[in-house]
Enquirer: 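This is the structure I have questions about; it appears just below.
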Amino acid sequence: QVQLVESGGGLVQAGGSLRLSCTASGRTLSTLSTYNMGWFRQAPGKEREAVGAITWSGVTLYYVDSVKGRFTISRDNAKNTLYLQMNSLKPEDTAVYYCAAGARLLTKDERSYPYWGQGTQVTVSS
């Protein structure tokens with residue numbers, strides 16, 4: 001099993017920045033670096049959506065047009081950590097952000113990710 005723990009969420013004013021981290025641990029950790037990982041978010045009253053994903057080698061794909069150019073996904077396999085750098089934050093970015101891991105393909109399909117973190121709240125005030 002792999003455990004994922006997100007951190008870095010909080011309250012920020014519009015236009016500000018936050019960097020989320022997702023650290024992995026667990027018995028199958030040695031293989032995690034070969035898997036794709038992703039960031040998802042769920043805003044109040046809305047379904048969870050895929051923000052973006054990253055391959056083991058660092059290739060990224062963003063699924064939400066509104067975050068392109070503002071959010072950057074990266075990973076440090078040596079530290080077993082996934083990052084989401086969020087700049088120029090907007091009130092509509094307010095959501096619980098989840099990291100996910102274990103997908104064999106670069107995908108936004110939640111069902112492809114067997115491992116999930118507990119989520120971290122990001123609140124952007126106007």
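Computed from a predicted model, the values in this text were never measured in an experiment. Values below: every heavy atom of this structure, side chains too, minus hydrogens, waters and symmetry copies.
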Enquirer: Minimum heavy-atom separation for Thr107 and Asp109, please, with both atom names.
Expert: OG1-N, 3.0 Å
Enquirer: Heavy atoms only: give me the nearest Ala24-Leu4 pair and the separation to one decimal.
Expert: CB-CD2, 3.5 Å
Enquirer: Measuring from Ser126:OG to Lys90:NZ, what's the distance to the nearest 0.5 Å?
Expert: 14.0 Å
Enquirer: Using modelled atom types only, decide if a donor and an acceptor are shared between the side chain of Gln42 and the backbone of Tyr97 within a distance under 3.5 Å.
Expert: no
Enquirer: List the steps, then state whether side-chain contact (heavy atoms from CB on, under 4.5 Å) holds for Tyr62 with Ile73.
Expert: CA-CA 9 Å; Tyr62 299 93; Ile73 296 173; 3.7 Å; yes
Enquirer: How long is the straight-line distance from OG1 of Thr81 back to CG of Leu20, given to the nearest 0.5 Å?
Expert: 12.5 Å
Enquirer: To the nearest 0.5 angstrom, please state how far the CG atom of Leu84 sits from the SG atom of Cys99.
Expert: 10.0 Å
Enquirer: Hey, does the side chain of Asn77 reach the backbone of Asn80 with a donor-acceptor pair shorter than 3.5 angstrom?
Expert: no
Enquirer: In terms of heavy-atom contacts, does NZ of Lys68 have more than 12 from other residues, nucleotides or ligands at under 6.0 Å?
Expert: yes
Enquirer: Is the charged tip of Arg19 near the ring of Trp39: under 6.0 Å from the six-membered ring centre and within 45° of its axis?
Expert: no
Enquirer: Any donor-acceptor pair under 3.5 Å linking the side-chain atoms of Asn87 with those of Ser17?
Expert: yes
Enquirer: Supply the atom-to-atom distance Leu18 CG to Phe71 CZ, rounded to the nearest 0.5 angstrom.
Expert: 9.0 Å
Enquirer: Evaluate Met37 against Trp56 for side-chain contact (heavy atoms from CB on, under 4.5 Å), listing each step before the verdict.
Expert: CA-CA 8 Å; Met37 301 183 73; Trp56 67 272; over 6 Å; no
Enquirer: Is there a side-chain contact between Arg41 and Glu49 in this structure, where contact means two heavy atoms from C-beta onward sitting under 4.5 Å apart?
Expert: yes
Enquirer: Work out which heavy atom in Pro114 is nearest to a heavy atom in Ala101; give both atom names and the distance.
Expert: CD-O, 3.2 Å
Enquirer: Under 3.5 Å, side chain of Asn36 to main-chain N/O of Leu105, donor-acceptor pair present?
Expert: yes
Enquirer: Do Leu82 and Ile54 touch side chain to side chain, with heavy atoms closer than 4.5 Å?
Expert: yes
Enquirer: Are Phe40 and Tyr113 an aromatic pair by the rule of ring centers under 6.0 Å?
Expert: yes
Enquirer: So is Arg75 actually on top of Tyr83's ring, under 6.0 Å and inside 45° of the axis?
Expert: no
Enquirer: Side-chain contact, heavy-atom cut-off 4.5 Å: Thr123 with Gln121?
Expert: yes
Enquirer: Between Arg70 and Ser88, is there a donor-acceptor pair closer than 3.5 Å when you use the side chain of the first and the backbone of the second?
Expert: yes
Enquirer: Please answer whether the main-chain N or O of Gly119 pairs with a side-chain N or O of Glu6 as donor and acceptor at a distance below 3.5 Å.
Expert: yes
Enquirer: Applying the 4.5 Å side-chain criterion to the ILVMFWY set and letting contacts propagate, would Val51 and Trp116 be lumped into a single cluster?
Expert: no
Enquirer: Hey, could you give me the OG/CD distance between Ser74 and Gln85, rounded to the nearest 0.5 Å?
Expert: 8.0 Å
Enquirer: Report yes if some heavy atom in the side chain of Val122 is under 4.5 Å from a heavy atom in the side chain of Thr94; otherwise report no.
Expert: no
Enquirer: Find out whether Val12 and Met86 are in side-chain contact, i.e. whether some heavy atom of one side chain is under 4.5 Å from a heavy atom of the other.
Expert: no
Enquirer: Roughly how far, to the nearest 0.5 Å, is SG of Cys22 from OH of Tyr115?
Expert: 13.5 Å
